[in-house]
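Heads up: the structure comes next, in structure tokens.
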Amino acid sequence: MAAAAGVAVAGAFAQGAGEDYFIGPQAAPPLEPPAGATAPSASTSSAVDAKAMYIQLVPERDTIVYSGSVEITYQDSVITADNCTFETGKNQAVFTGHVRVQWQDQVIEAVWVWVDFTNATYRAKECRLELPPSFFGSEVSAPIYVWGDRLEGDLEELVIHDAFVTPCDRYRDPHLGASARRVRVYRRGKHVETSAIKLKAKGHTFFWFPGFSIRTRWFTRGDIFPTIGQNSYEGLWGETRYLYNSNGAIDVRVTELQGTKISHEYAYELGNSGYGSSLITYGTLSRNFTGRLSHSQRFGQSTNLTGSYDLRQSSAAVSTQSTTQAANLSLSRNVGRTSLTANYTQNTTTTTQTRSNTTAAVTLARELWGETQKANAEAALQYSSYDVGDGLYDRELTANLEFRQPTGVADFDVIYDRRFDLDGTEYTGDDSYSSLDRRPNATASIDFRDWGLELQSFTSRGKLSLGRFVDTANEIDRLRLAMDLEGSYSPIKIGKSTTATLAGAFQQRIYRSDEALYTLGSQATVRSKFGTAAALDLAWNWKTYDGYTPFRQDYATKQHSVRAALRLTPEQGTQADVSSSYDIQAGRWGDIRMSFNRRKGLSNLTASTGYDLQNHRWRTLNVSYNYTKINRYYLSLSGLYNLYENQLSTVSSQFDVSLHRNWRLEWQARFDGGRSEFSTSKFRLTWEHHDFYSSLSYDIPRNQFEFGLTLKAFPSFKTGSSLLSGSSSSLVDTTLPSGGGF
């Protein structure tokens, strides 16, 4: 071998056909540039390490032939191929077969590659260049592929001739992309420059930029999602969504029945402390306008400020217009053991007259530390204004003070709240069952968590409270002393398989007007187990009262009933329940309720019904069955059958199956037994691909077809953790409307 080549090969040699060869796997030592060659720059100078199954030396031609799992490392790039011919005199190599060049995160695949190791230049034929998401920054989530007949240049700047740019990784059969005579990839600037391009789908041109060259950073500046479809409430529609950056989008939707809708969405982030979003939508035919602006800002680690504003305007007719405005502002701040919260909300609606509600509240809370337990003090002030039009309004100011002190055995609580009438109009309050107008109201209570009784199975609780309650709706003003006692003893073991639980409660209410009310209640439950296959519960409940109360919140009823429940579990996953009750107070039986549930493997069957013991008739039978196999299919059937009238009420079904690859079929139906017809029966076929998303549905009762098609522009963008694609996203939603809904 010529000494000028500077190559020394170690291994076990054999003689044959006038050539030296040896069989590996073996590794040749580093290959240095030939004598007299121009030394490469510091950025490119490096040895070449070669590995192969077979290495053949041809000294008369200063050539080494590698074959079988060829792997050559040069600088920080790795080249693999089936075969390689290395010319040591020129420091050049030709790779054939399945050639793959990986440099950092950039990959070139080709059937033929020529490399000049001295100048670090490359040529390739029938190649594919893969640009990873990191090439374009953090905004892109999927790789981009550039196909070409030939490639040339260094790895910092490559030129691909007769190229096709696509997000599709299908070899030689891409679905969607852009073709150009020349594509130049700049590694340092991280962008792609093209000559005049044609947008193609499955080999067919649907858009063309003729007569000039464009230089664009498609992948970091914009993305377009063209969509067409048809549904029952919009008719035929078309939509174009343009993402001018990773946070903003403009959407134009043209429909056959509802005119044109234009919308703009934008989300922004101010470092790590502030973020917000805006949405504006306008309909040309309906003249409806909606707008929303929200912002959240953190000041340090203890203060947060959030605000939002919503505006909606709609015009049902020329002379009728409705405007709704909603504003919200919230501030929270925590400093040590003190917290401050402030909220402001306003809602205004204007049609023929204006109605508005305004609420502003400030709350100050502080933790107070005692010797053993911490206490909490809280003060709140709230302003509210209710304007119902025609000069009718009510403005109020409510003040609330509360102090809570937990101790070892009890919680001490003092509450005072007062309502001030600011406009002089008498406020009648809410005379509903569950609320009172308290003005003023003061209550002091002590809640005993433990009476100090050292009984292993006995638990108790007691509460004493004294307060003044005012009900202006009924002109009632009373002082009230209340006492609540509760206790339970469980479980009491009777024999080997029976346990009993006993509980009791006593409530006493005493009012300043010589009125009083007491309530006494008790409960007993006995549970017997018969092995692991059955359990029987018997429960007795009794409650009585005596006296009078002026307040509905102290309202009491008498109860006296018994209940029996039997649960059967013959095997794991199977359960049957039968229960009934008898109201001793009213002297009547309740229904016999029966239910059955069986879960086995991926299926679940449930059934339930009841029998009316008063009227001696069956209730409705409810049966449902579902079967789920994750990522494959889902089946659900349910039905209602009226046993008394011996008539089928309804049957509902849902079927969702994943077909070949990304195909999916859904069916939803509901049969009305009373009318003996399907009220709902709808099929939907969807195909979600990395290039597009399509759906076709048919509503049998309405005899309506609906379809939609969204082309996913390349590449897929992401905002935060949300992927922007043709199917769904949080910032820009390109999910196809179903027109009636699945």
Side-chain angles (χ1 to χ4, degrees), residues 455-459 487-505 521-543 559-630 632-644 646 648-654:
L455 298 178
Q456 183 177 2
S457 300
F458 181 77
T459 59
S488 63
Y489 197 102
S490 65
I492 303 174
K493 195 168 184 180
I494 305 174
K496 295 182 178 181
S497 59
T498 303
T499 58
T501 301
L502 303 177
S522 61
Q523 185 177 6
T525 303
V526 179
R527 166 168 288 191
S528 298
K529 292 185 178 180
F530 305 95
T532 59
L536 176 65
D537 287 356
L538 298 175
W540 172 76
N541 186 37
W542 174 78
K543 184 179 180 180
Q559 300 178 10
H560 195 190
S561 63
V562 292
R563 182 179 181 273
L566 176 64
R567 170 164 293 183
L568 303 175
T569 53
E571 61 181 38
Q572 186 176 3
T574 303
Q575 176 180 305
D577 294 297
V578 181
S579 64
S580 185
S581 63
Y582 180 74
D583 191 336
I584 301 176
Q585 181 73 25
R588 62 187 179 189
W589 284 94
D591 290 352
I592 299 178
R593 302 183 181 275
M594 294 168 282
S595 65
F596 174 81
N597 180 266
R598 178 177 175 82
R599 183 182 296 274
K600 188 174 182 180
L602 304 176
S603 63
N604 185 35
L605 173 65
T606 61
S608 62
T609 188
Y611 184 77
D612 187 350
L613 291 172
Q614 288 292 112
N615 300 305
H616 304 287
R617 64 182 185 182
W618 287 95
R619 299 289 191 183
T620 300
L621 174 64
N622 188 346
V623 181
S624 66
Y625 172 82
N626 62 73
Y627 187 92
T628 304
K629 192 168 185 179
I630 299 176
R632 292 292 300 276
Y633 52 83
Y634 170 77
L635 172 64
S636 175
L637 297 172
S638 62
L640 295 176
Y641 189 85
N642 192 323
L643 295 173
Y644 177 71
N646 195 24
L648 180 66
S649 298
T650 58
V651 176
S652 300
S653 65
Q654 185 175 351

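The figures that follow rest on heavy atoms only: side chains count, while hydrogens, waters and symmetry mates do not.
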Can you confirm whether Ser608 sits close enough to Arg593 that some side-chain heavy atom of one is under 4.5 Å from a side-chain heavy atom of the other? no

For residues Thr525 and Thr501, is any side-chain donor paired with an opposing acceptor at under 3.5 Å? no

Under a 4.5 Å cut-off applied to non-hydrogen side-chain atoms, are Lys629 and Tyr634 in contact? no

Once you round to the nearest 0.5 Å, how far does CH2 of Trp542 lie from CD of Gln585? 10.5 Å

Just how far is it from atom CZ of Arg563 to atom CG of Leu538, taken to the nearest 0.5 Å? 10.5 Å

Quick one: pull up OG in Ser522 and NZ in Lys543 and give me the separation to the nearest 0.5 Å. 11.5 Å

Tell me the closest heavy-atom pair linking Leu502 and Ala524, and the distance in Å. CD2-CB, 3.7 Å

Ser528 versus Thr498, side-chain donor and acceptor atoms under 3.5 Å: yes

From CZ (Arg619) to CG (Asn642), nearest 0.5 Å: 10.0 Å

Using a cut-off of 6.0 Å, state whether more than 12 heavy atoms not belonging to Gln572 lie near its atom CD. no

Which heavy atom of Asn604 sits nearest to which heavy atom of Arg598, and what is that distance? OD1-O, 3.2 Å

Quick one: does Ser603's side chain get under 4.5 Å of Tyr625's, heavy atoms only? yes

Val562 side chain reached by Ile584 side chain, heavy atoms, under 4.5 Å: yes

All heavy atoms of His560 vs all of Trp540, minimum pair found to be NE2-NE1, 3.1 Å

At their closest point, which heavy atom of Trp618 faces which heavy atom of Tyr644, and how far apart are they? O-CB, 3.4 Å

Heavy-atom closest pair, residues Trp589 and Ser580: CE3-OG, 3.9 Å

Asn622 versus Tyr641, side-chain donor and acceptor atoms under 3.5 Å: no

Nearest 0.5 angstrom please: Lys529 NZ to Leu536 CG, how far? 13.0 Å

Value rounded to 0.5 Å, distance of CZ in Arg617 from CG in Leu643: 11.5 Å

Please tell me if the side chains of Val623 and Leu605 come closer than 4.5 Å, counting only heavy atoms from C-beta onward. yes

Tightest non-hydrogen contact, residues Thr609 and Thr620, listed as OG1-O, 3.4 Å

